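The next block holds one structure in the form of C-alpha coordinates; read it before the comments.
Letters go in sequence order (proteins before strands), and every chain restarts at 1. This structure is a prediction, so every number in the text was calculated from the model and none was measured.
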Protein chains: 2
Amino acid sequence: MSTVLNTKERIVELGRGHMQRIGYHSFNYKQIALELNIKNASIHHYYPSKEDLGMAVIEKDRQDFMQFIQRMKKAPPMDKLDALICAYEEYFKNGIKLCVISTFSASFNEITERMQLAIQQYSEIVASWLAGALKEGLESGDFHFTISIEEMTNHWMATLPGALLVGRSRGKKYFDMALHSLKKSVQSS
Amino acid sequence: MSTVLNTKERIVELGRGHMQRIGYHSFNYKQIALELNIKNASIHHYYPSKEDLGMAVIEKDRQDFMQFIQRMKKAPPMDKLDALICAYEEYFKNGIKLCVISTFSASFNEITERMQLAIQQYSEIVASWLAGALKEGLESGDFHFTISIEEMTNHWMATLPGALLVGRSRGKKYFDMALHSLKKSVQSS
DNA sequence: ATAAGCCTACCTACATACAGGTAGGTAGTA
DNA sequence: TACTACCTACCTGTATGTAGGTAGGCTTAT
(Lines give C-alpha, C1' and ligand atoms only; values in the text may rest on other atoms or scores of the structure.)
Protein backbone atom coordinates (compact mmCIF):
# COMPACT_ATOMS: atom_id res chain seq x y z
CA MET A 1 0.00 0.00 0.00
CA SER A 2 1.45 3.30 -1.11
CA THR A 3 1.83 6.16 1.34
CA VAL A 4 0.87 8.78 -1.23
CA LEU A 5 -2.36 10.31 -0.03
CA ASN A 6 -4.87 12.14 -2.14
CA THR A 7 -6.40 15.41 -1.00
CA LYS A 8 -9.40 13.79 0.61
CA GLU A 9 -7.21 11.51 2.70
CA ARG A 10 -4.84 14.29 3.61
CA ILE A 11 -7.72 16.41 4.87
CA VAL A 12 -8.74 13.68 7.30
CA GLU A 13 -5.16 13.07 8.35
CA LEU A 14 -4.45 16.73 9.02
CA GLY A 15 -7.86 17.28 10.55
CA ARG A 16 -7.34 14.42 12.96
CA GLY A 17 -3.99 15.86 14.06
CA HIS A 18 -5.41 19.30 14.68
CA MET A 19 -8.44 17.97 16.52
CA GLN A 20 -6.22 15.90 18.75
CA ARG A 21 -4.08 18.92 19.55
CA ILE A 22 -6.67 21.66 20.04
CA GLY A 23 -10.02 19.89 20.14
CA TYR A 24 -12.85 19.39 17.69
CA HIS A 25 -14.50 22.74 18.24
CA SER A 26 -11.33 24.85 18.09
CA PHE A 27 -10.18 23.16 14.96
CA ASN A 28 -11.08 25.04 11.79
CA TYR A 29 -10.85 24.58 8.05
CA LYS A 30 -8.41 27.42 7.51
CA GLN A 31 -5.47 25.58 9.04
CA ILE A 32 -5.94 22.61 6.73
CA ALA A 33 -6.57 24.82 3.72
CA LEU A 34 -3.28 26.61 4.29
CA GLU A 35 -1.33 23.40 4.76
CA LEU A 36 -2.78 21.80 1.64
CA ASN A 37 -2.59 25.05 -0.30
CA ILE A 38 -6.21 24.87 -1.32
CA LYS A 39 -9.12 27.12 -0.52
CA ASN A 40 -11.38 26.77 2.44
CA ALA A 41 -14.36 26.03 0.24
CA SER A 42 -12.61 23.13 -1.43
CA ILE A 43 -12.71 21.17 1.79
CA HIS A 44 -16.49 21.28 1.57
CA HIS A 45 -16.20 19.51 -1.75
CA TYR A 46 -14.94 16.45 0.11
CA TYR A 47 -16.64 16.94 3.46
CA PRO A 48 -19.82 18.99 3.11
CA SER A 49 -20.07 19.77 6.82
CA LYS A 50 -17.72 19.86 9.77
CA GLU A 51 -19.66 16.97 11.23
CA ASP A 52 -18.86 14.93 8.11
CA LEU A 53 -15.20 15.61 8.64
CA GLY A 54 -15.48 14.79 12.33
CA MET A 55 -17.18 11.51 11.49
CA ALA A 56 -14.50 10.74 8.91
CA VAL A 57 -11.80 11.36 11.50
CA ILE A 58 -13.45 9.01 13.98
CA GLU A 59 -13.99 6.41 11.25
CA LYS A 60 -10.39 6.66 10.03
CA ASP A 61 -9.04 6.27 13.52
CA ARG A 62 -11.27 3.27 14.10
CA GLN A 63 -10.07 1.69 10.89
CA ASP A 64 -6.48 2.33 11.87
CA PHE A 65 -7.18 0.66 15.17
CA MET A 66 -8.73 -2.34 13.41
CA GLN A 67 -5.56 -2.64 11.37
CA PHE A 68 -3.54 -2.38 14.55
CA ILE A 69 -5.56 -5.27 15.98
CA GLN A 70 -4.87 -7.30 12.87
CA ARG A 71 -1.15 -6.58 12.96
CA MET A 72 -0.91 -7.55 16.63
CA LYS A 73 -3.14 -10.58 16.28
CA LYS A 74 -0.45 -13.14 16.91
CA ALA A 75 1.79 -11.08 19.16
CA PRO A 76 2.25 -12.06 22.79
CA PRO A 77 -0.16 -10.24 25.11
CA MET A 78 2.53 -8.04 26.63
CA ASP A 79 3.59 -6.92 23.17
CA LYS A 80 0.02 -5.91 22.49
CA LEU A 81 -0.14 -3.72 25.56
CA ASP A 82 3.33 -2.36 24.85
CA ALA A 83 2.25 -1.39 21.36
CA LEU A 84 -0.79 0.40 22.74
CA ILE A 85 1.35 2.30 25.23
CA CYS A 86 3.76 3.11 22.45
CA ALA A 87 0.92 4.69 20.48
CA TYR A 88 0.08 6.89 23.43
CA GLU A 89 3.71 7.92 23.82
CA GLU A 90 3.56 8.95 20.18
CA TYR A 91 0.43 11.04 20.81
CA PHE A 92 2.10 12.79 23.69
CA LYS A 93 5.25 13.42 21.75
CA ASN A 94 3.76 14.58 18.47
CA GLY A 95 2.69 18.00 19.62
CA ILE A 96 0.89 16.83 22.72
CA LYS A 97 -2.12 15.20 21.18
CA LEU A 98 -4.91 13.39 22.93
CA CYS A 99 -6.15 10.13 21.49
CA VAL A 100 -9.20 10.50 19.24
CA ILE A 101 -11.56 9.00 21.80
CA SER A 102 -10.42 11.43 24.51
CA THR A 103 -10.56 14.30 22.07
CA PHE A 104 -14.20 13.71 21.33
CA SER A 105 -14.99 12.70 24.90
CA ALA A 106 -13.65 16.05 26.05
CA SER A 107 -16.08 17.69 23.61
CA PHE A 108 -18.80 15.12 24.19
CA ASN A 109 -21.48 17.66 25.08
CA GLU A 110 -20.93 19.77 21.99
CA ILE A 111 -20.92 17.11 19.29
CA THR A 112 -23.91 15.62 17.52
CA GLU A 113 -25.59 12.42 18.58
CA ARG A 114 -24.19 10.62 15.56
CA MET A 115 -20.68 11.46 16.63
CA GLN A 116 -21.37 10.53 20.23
CA LEU A 117 -22.61 7.17 19.07
CA ALA A 118 -19.57 6.60 16.88
CA ILE A 119 -17.28 7.40 19.82
CA GLN A 120 -19.24 5.11 22.11
CA GLN A 121 -18.97 2.25 19.64
CA TYR A 122 -15.30 2.89 19.03
CA SER A 123 -14.69 2.90 22.80
CA GLU A 124 -16.31 -0.49 23.12
CA ILE A 125 -14.12 -1.87 20.35
CA VAL A 126 -11.00 -0.72 22.16
CA ALA A 127 -12.29 -1.98 25.48
CA SER A 128 -13.13 -5.42 24.20
CA TRP A 129 -9.79 -5.75 22.44
CA LEU A 130 -8.07 -4.76 25.67
CA ALA A 131 -10.15 -7.23 27.64
CA GLY A 132 -9.17 -9.94 25.16
CA ALA A 133 -5.48 -9.17 25.49
CA LEU A 134 -5.71 -9.11 29.26
CA LYS A 135 -7.58 -12.41 29.36
CA GLU A 136 -5.06 -13.99 27.04
CA GLY A 137 -2.13 -12.83 29.18
CA LEU A 138 -3.77 -13.98 32.35
CA GLU A 139 -4.43 -17.45 30.95
CA SER A 140 -0.96 -17.77 29.46
CA GLY A 141 0.59 -16.75 32.75
CA ASP A 142 2.23 -13.67 31.25
CA PHE A 143 0.12 -11.42 33.44
CA HIS A 144 -0.61 -11.62 37.12
CA PHE A 145 -3.40 -9.66 38.65
CA THR A 146 -6.23 -10.49 41.00
CA ILE A 147 -8.91 -7.97 40.06
CA SER A 148 -11.41 -8.89 37.35
CA ILE A 149 -10.59 -8.49 33.69
CA GLU A 150 -13.39 -5.97 33.36
CA GLU A 151 -11.89 -3.88 36.13
CA MET A 152 -8.40 -4.07 34.67
CA THR A 153 -9.75 -3.14 31.25
CA ASN A 154 -11.47 -0.16 32.77
CA HIS A 155 -8.32 0.76 34.64
CA TRP A 156 -6.47 0.94 31.33
CA MET A 157 -9.31 2.72 29.56
CA ALA A 158 -9.28 5.46 32.19
CA THR A 159 -5.55 5.74 32.80
CA LEU A 160 -4.44 6.12 29.19
CA PRO A 161 -6.49 9.28 28.58
CA GLY A 162 -5.86 10.44 32.12
CA ALA A 163 -2.11 10.18 31.56
CA LEU A 164 -2.36 12.39 28.47
CA LEU A 165 -4.27 15.03 30.41
CA VAL A 166 -1.99 14.92 33.42
CA GLY A 167 1.01 15.05 31.13
CA ARG A 168 -0.23 18.31 29.70
CA SER A 169 -0.55 20.04 33.04
CA ARG A 170 2.22 18.36 35.04
CA GLY A 171 4.71 17.47 32.31
CA LYS A 172 6.24 14.44 30.66
CA LYS A 173 7.66 13.01 33.85
CA TYR A 174 4.18 12.32 35.20
CA PHE A 175 2.88 11.07 31.88
CA ASP A 176 5.72 8.54 31.81
CA MET A 177 5.14 7.61 35.41
CA ALA A 178 1.46 6.93 34.77
CA LEU A 179 2.22 4.64 31.82
CA HIS A 180 4.95 2.90 33.79
CA SER A 181 2.56 2.20 36.65
CA LEU A 182 0.02 0.96 34.16
CA LYS A 183 2.42 -1.60 32.73
CA LYS A 184 3.29 -2.81 36.18
CA SER A 185 -0.37 -3.23 37.04
CA VAL A 186 -0.64 -6.40 34.96
CA GLN A 187 2.44 -7.92 36.48
CA SER A 188 1.61 -7.88 40.17
CA SER A 189 -1.62 -6.72 41.68
CA MET B 1 -20.96 33.17 54.98
CA SER B 2 -24.07 33.94 53.02
CA THR B 3 -24.84 32.05 49.82
CA VAL B 4 -26.26 35.10 48.10
CA LEU B 5 -23.94 35.84 45.21
CA ASN B 6 -23.56 39.11 43.45
CA THR B 7 -23.49 39.33 39.67
CA LYS B 8 -19.71 39.14 39.45
CA GLU B 9 -19.63 35.96 41.52
CA ARG B 10 -22.51 34.45 39.62
CA ILE B 11 -20.75 35.04 36.33
CA VAL B 12 -17.75 33.03 37.52
CA GLU B 13 -19.95 30.34 38.97
CA LEU B 14 -22.02 29.93 35.81
CA GLY B 15 -18.96 30.30 33.61
CA ARG B 16 -17.19 27.55 35.47
CA GLY B 17 -20.13 25.22 35.06
CA HIS B 18 -20.40 25.83 31.34
CA MET B 19 -16.68 25.49 30.78
CA GLN B 20 -16.69 22.20 32.65
CA ARG B 21 -19.53 20.92 30.51
CA ILE B 22 -18.55 22.10 27.04
CA GLY B 23 -14.98 23.36 27.34
CA TYR B 24 -13.37 26.76 27.58
CA HIS B 25 -13.41 27.52 23.87
CA SER B 26 -16.99 26.44 23.22
CA PHE B 27 -18.26 28.39 26.15
CA ASN B 28 -19.60 31.83 25.27
CA TYR B 29 -20.93 34.91 27.02
CA LYS B 30 -24.43 34.64 25.62
CA GLN B 31 -25.35 31.64 27.74
CA ILE B 32 -24.41 33.44 30.94
CA ALA B 33 -26.05 36.67 29.83
CA LEU B 34 -29.33 34.85 29.25
CA GLU B 35 -29.22 33.05 32.58
CA LEU B 36 -28.43 36.22 34.51
CA ASN B 37 -30.84 38.26 32.42
CA ILE B 38 -28.22 40.86 31.62
CA LYS B 39 -26.63 41.87 28.34
CA ASN B 40 -23.56 40.35 26.83
CA ALA B 41 -21.65 43.59 27.14
CA SER B 42 -22.30 43.77 30.88
CA ILE B 43 -20.11 40.74 31.45
CA HIS B 44 -17.22 42.76 30.09
CA HIS B 45 -17.85 45.24 32.86
CA TYR B 46 -16.72 42.60 35.33
CA TYR B 47 -14.34 40.59 33.15
CA PRO B 48 -12.89 42.70 30.34
CA SER B 49 -11.71 39.70 28.34
CA LYS B 50 -12.53 36.04 28.09
CA GLU B 51 -9.09 35.28 29.42
CA ASP B 52 -9.89 37.30 32.54
CA LEU B 53 -12.99 35.21 33.08
CA GLY B 54 -11.03 32.02 32.44
CA MET B 55 -8.42 33.08 34.97
CA ALA B 56 -11.15 33.96 37.46
CA VAL B 57 -12.68 30.51 37.03
CA ILE B 58 -9.35 28.81 37.67
CA GLU B 59 -8.68 31.06 40.64
CA LYS B 60 -12.14 30.47 42.10
CA ASP B 61 -11.77 26.74 41.77
CA ARG B 62 -8.36 26.87 43.40
CA GLN B 63 -9.77 28.89 46.26
CA ASP B 64 -12.62 26.43 46.68
CA PHE B 65 -10.07 23.66 46.79
CA MET B 66 -8.04 25.51 49.42
CA GLN B 67 -11.20 25.75 51.51
CA PHE B 68 -11.80 22.07 50.95
CA ILE B 69 -8.30 21.38 52.26
CA GLN B 70 -9.02 23.49 55.32
CA ARG B 71 -12.32 21.75 55.98
CA MET B 72 -10.73 18.32 55.71
CA LYS B 73 -7.62 19.27 57.67
CA LYS B 74 -8.37 17.09 60.68
CA ALA B 75 -10.32 14.38 58.91
CA PRO B 76 -8.93 10.85 58.72
CA PRO B 77 -7.02 10.22 55.50
CA MET B 78 -9.68 7.95 54.05
CA ASP B 79 -12.31 10.61 54.61
CA LYS B 80 -10.13 13.02 52.66
CA LEU B 81 -9.94 10.72 49.67
CA ASP B 82 -13.63 9.91 49.98
CA ALA B 83 -14.45 13.59 49.91
CA LEU B 84 -12.36 14.06 46.80
CA ILE B 85 -14.06 11.15 45.08
CA CYS B 86 -17.39 12.56 46.16
CA ALA B 87 -16.54 15.82 44.42
CA TYR B 88 -15.85 13.94 41.21
CA GLU B 89 -19.11 12.06 41.50
CA GLU B 90 -20.78 15.43 41.76
CA TYR B 91 -19.03 16.63 38.59
CA PHE B 92 -20.14 13.57 36.72
CA LYS B 93 -23.69 13.87 37.95
CA ASN B 94 -24.20 17.61 37.47
CA GLY B 95 -24.56 17.54 33.72
CA ILE B 96 -21.43 15.54 33.09
CA LYS B 97 -18.78 18.07 33.94
CA LEU B 98 -15.06 17.60 33.93
CA CYS B 99 -13.04 19.00 36.79
CA VAL B 100 -11.57 22.44 36.12
CA ILE B 101 -8.05 21.12 35.73
CA SER B 102 -9.13 18.56 33.12
CA THR B 103 -11.25 21.14 31.38
CA PHE B 104 -8.30 23.43 30.82
CA SER B 105 -5.90 20.55 30.24
CA ALA B 106 -8.13 19.38 27.41
CA SER B 107 -7.82 22.87 25.92
CA PHE B 108 -4.22 23.29 26.99
CA ASN B 109 -2.93 24.13 23.53
CA GLU B 110 -5.46 26.85 22.91
CA ILE B 111 -5.22 28.84 26.13
CA THR B 112 -2.75 31.59 26.96
CA GLU B 113 0.49 31.00 28.79
CA ARG B 114 -0.88 32.73 31.87
CA MET B 115 -3.72 30.25 32.04
CA GLN B 116 -1.43 27.32 31.40
CA LEU B 117 0.75 28.45 34.28
CA ALA B 118 -2.24 28.84 36.58
CA ILE B 119 -3.39 25.33 35.74
CA GLN B 120 0.08 23.92 36.28
CA GLN B 121 0.32 25.56 39.68
CA TYR B 122 -3.16 24.44 40.65
CA SER B 123 -2.30 20.89 39.60
CA GLU B 124 0.71 20.90 41.87
CA ILE B 125 -1.41 22.09 44.78
CA VAL B 126 -3.82 19.21 44.30
CA ALA B 127 -0.98 16.76 43.83
CA SER B 128 0.85 17.79 46.95
CA TRP B 129 -2.31 17.71 49.02
CA LEU B 130 -3.02 14.22 47.70
CA ALA B 131 0.53 13.13 48.45
CA GLY B 132 0.13 14.46 51.99
CA ALA B 133 -3.10 12.56 52.54
CA LEU B 134 -1.58 9.37 51.16
CA LYS B 135 1.52 9.72 53.31
CA GLU B 136 -0.60 10.32 56.38
CA GLY B 137 -2.73 7.26 55.71
CA LEU B 138 0.27 5.11 55.08
CA GLU B 139 1.92 6.18 58.32
CA SER B 140 -1.26 5.80 60.33
CA GLY B 141 -1.79 2.34 58.91
CA ASP B 142 -5.12 3.28 57.33
CA PHE B 143 -3.68 2.67 53.86
CA HIS B 144 -1.67 -0.22 52.58
CA PHE B 145 0.22 0.05 49.34
CA THR B 146 3.72 -0.79 48.26
CA ILE B 147 4.38 1.65 45.44
CA SER B 148 5.85 5.06 46.23
CA ILE B 149 3.67 7.91 47.41
CA GLU B 150 4.61 9.87 44.29
CA GLU B 151 3.42 7.02 42.09
CA MET B 152 0.18 6.62 44.00
CA THR B 153 -0.40 10.36 43.83
CA ASN B 154 0.13 10.28 40.11
CA HIS B 155 -2.17 7.29 39.81
CA TRP B 156 -4.93 9.32 41.43
CA MET B 157 -4.11 12.45 39.44
CA ALA B 158 -4.48 10.50 36.19
CA THR B 159 -7.39 8.27 37.09
CA LEU B 160 -9.75 10.95 38.35
CA PRO B 161 -9.81 12.89 35.05
CA GLY B 162 -9.60 9.64 33.11
CA ALA B 163 -12.69 8.33 34.86
CA LEU B 164 -14.65 11.45 33.88
CA LEU B 165 -13.65 11.02 30.23
CA VAL B 166 -14.36 7.31 30.16
CA GLY B 167 -17.65 7.92 31.90
CA ARG B 168 -18.69 10.20 29.07
CA SER B 169 -18.06 7.67 26.36
CA ARG B 170 -18.79 4.40 28.16
CA GLY B 171 -21.34 5.49 30.72
CA LYS B 172 -21.76 5.80 34.45
CA LYS B 173 -21.08 2.14 35.17
CA TYR B 174 -17.47 2.51 34.08
CA PHE B 175 -17.03 5.84 35.79
CA ASP B 176 -18.15 4.23 39.04
CA MET B 177 -15.95 1.23 38.44
CA ALA B 178 -12.89 3.43 37.95
CA LEU B 179 -13.51 5.32 41.18
CA HIS B 180 -14.18 2.10 43.02
CA SER B 181 -10.88 0.62 41.83
CA LEU B 182 -9.16 3.82 42.82
CA LYS B 183 -10.40 3.59 46.37
CA LYS B 184 -9.29 -0.01 46.59
CA SER B 185 -5.82 0.91 45.37
CA VAL B 186 -4.88 2.40 48.73
CA GLN B 187 -6.13 -0.57 50.67
CA SER B 188 -4.11 -3.37 49.12
CA SER B 189 -1.51 -3.02 46.43
C1' DA C 1 -9.97 9.98 -34.57
C1' DT C 2 -12.40 13.42 -32.74
C1' DA C 3 -16.10 16.24 -31.06
C1' DA C 4 -19.61 16.42 -27.36
C1' DG C 5 -20.57 15.91 -23.01
C1' DC C 6 -19.54 14.99 -18.28
C1' DC C 7 -16.99 14.43 -14.11
C1' DT C 8 -13.39 15.84 -10.79
C1' DA C 9 -11.09 19.08 -8.30
C1' DC C 10 -10.65 22.86 -7.50
C1' DC C 11 -11.70 28.37 -7.60
C1' DT C 12 -14.00 33.25 -6.52
C1' DA C 13 -17.28 35.58 -4.21
C1' DC C 14 -20.60 35.88 -1.06
C1' DA C 15 -24.17 34.83 2.70
C1' DT C 16 -24.88 34.15 7.40
C1' DA C 17 -24.14 33.98 11.93
C1' DC C 18 -22.05 34.69 15.89
C1' DA C 19 -18.26 35.64 18.87
C1' DG C 20 -15.51 38.94 21.61
C1' DG C 21 -14.97 43.47 22.46
C1' DT C 22 -15.69 48.83 22.64
C1' DA C 23 -17.83 53.46 23.15
C1' DG C 24 -20.68 56.01 25.30
C1' DG C 25 -24.92 56.61 27.84
C1' DT C 26 -28.16 56.29 32.00
C1' DA C 27 -30.55 55.29 36.33
C1' DG C 28 -30.02 54.63 40.94
C1' DT C 29 -27.24 54.73 45.12
C1' DA C 30 -23.50 56.33 48.48
C1' DT D 1 -21.00 64.48 42.85
C1' DA D 2 -19.18 60.35 41.77
C1' DC D 3 -19.44 55.63 41.41
C1' DT D 4 -21.67 51.16 40.35
C1' DA D 5 -24.15 48.37 37.48
C1' DC D 6 -25.95 48.00 34.03
C1' DC D 7 -27.81 49.31 28.85
C1' DT D 8 -27.90 50.32 23.56
C1' DA D 9 -25.58 50.29 19.54
C1' DC D 10 -21.96 49.09 16.99
C1' DC D 11 -17.29 47.35 15.21
C1' DT D 12 -14.39 43.67 13.79
C1' DG D 13 -12.97 39.27 13.00
C1' DT D 14 -13.75 34.80 11.87
C1' DA D 15 -16.18 30.43 11.08
C1' DT D 16 -19.16 27.43 8.48
C1' DG D 17 -21.35 27.00 4.53
C1' DT D 18 -23.34 28.03 -0.41
C1' DA D 19 -23.71 29.39 -5.36
C1' DG D 20 -21.93 29.26 -9.35
C1' DG D 21 -17.96 29.00 -12.33
C1' DT D 22 -13.84 26.89 -14.76
C1' DA D 23 -9.91 24.07 -16.42
C1' DG D 24 -8.57 19.79 -17.62
C1' DG D 25 -9.06 14.87 -18.02
C1' DC D 26 -12.03 10.89 -19.23
C1' DT D 27 -15.90 8.63 -21.75
C1' DT D 28 -18.65 7.79 -25.41
C1' DA D 29 -20.90 8.18 -30.03
C1' DT D 30 -20.23 8.95 -34.56
Atom pair distance, as rounded to whole Å: OH in A:Tyr46 and P in D:dG17: 18 Å
In whole angstrom, give the distance that lies between atom NE2 of A:His18 and atom P of D:dA15. 12 Å
Tell me which nucleotide among D:dT18, C:dT22, D:dA15 gets nearest to the side chain of A:His44. D:dT18
Atom-pair distance (CG on B:Leu36; P on D:dA5), nearest Å: 14 Å
Whole Å only: how far is the CG atom of B:Asn6 from the C1' atom of D:dC6? 14 Å
Ring pair (Phe, Tyr, Trp, His ring centres under 6.0 Å): which pairs involve residues 55-77 of chain A, sequence neighbours left out? A:Phe65-A:Phe68, A:Phe65-A:Trp129, A:Phe68-A:Trp129
Kindly point out which of D:dT16, C:dA23, C:dC10 is positioned nearest to the side chain of A:Ile38? C:dC10
OP1 or OP2 of D:dC6 under 4.0 Å from side-chain N/O of B:Thr7: yes
Check this one for me: any side-chain N or O of B:Tyr29 less than 4.0 Å away from OP1 or OP2 of C:dA19? no
Please determine whether a side-chain nitrogen of the Lys or Arg among A:Lys80 and A:Asp142 lies less than 4.0 Å from a carboxylate oxygen of the Asp or Glu. no
For the pair B:Phe143 and B:Phe145, name the ring-plane relationship: parallel under 30°, tilted 30 to 60°, perpendicular over 60°. tilted
Whole Å only: how far is the NZ atom of B:Lys30 from the P atom of C:dA17? 11 Å
Examine C:dG20: is either OP1 or OP2 under 4.0 Å from a nitrogen or oxygen in the side chain of B:Lys50? Give yes or no. yes
Taking atom P of C:dA19 as reference, at what distance in whole Å does atom CD1 of B:Ile22 sit? 10 Å
What nucleic acid atoms does B:Asn40 come within less than 4.0 Å of, heavy atoms only: base, sugar-phosphate, or nothing? nothing
Counting side-chain heavy atoms from CB outward, which of C:dC10, D:dC6, D:dT18 is closest to B:His45? D:dC6
Look at B:Tyr47 and C:dG20 and indicate whether a side-chain polar atom (N or O) is within less than 4.0 Å of OP1 or OP2. no
OP1 or OP2 of C:dA9 less than 4.0 angstrom from a side-chain nitrogen or oxygen of A:Ser42, does that happen here? no
Starting at CD of B:Glu110 and ending at P of D:dT14, how long is that distance when rounded to a whole Å? 16 Å
Ignoring the backbone of B:Lys39, work out which of D:dT16, D:dC7, C:dG21 is nearest its side chain. D:dC7
Inspect the contact between A:Arg10 and A:Glu13 and indicate whether a charged nitrogen and a carboxylate oxygen are less than 4.0 angstrom apart. no
Just checking A:Asp52: base, sugar-phosphate only, or nothing, at a heavy-atom cut-off of under 4.0 Å? nothing
Measure from CD1 on A:Ile43 to P on C:dT8 and round the result to the nearest Å. 19 Å
Output yes when A:Lys135 and A:Glu139 qualify as a salt bridge under the 4.0 Å nitrogen-oxygen rule, no when they do not. yes
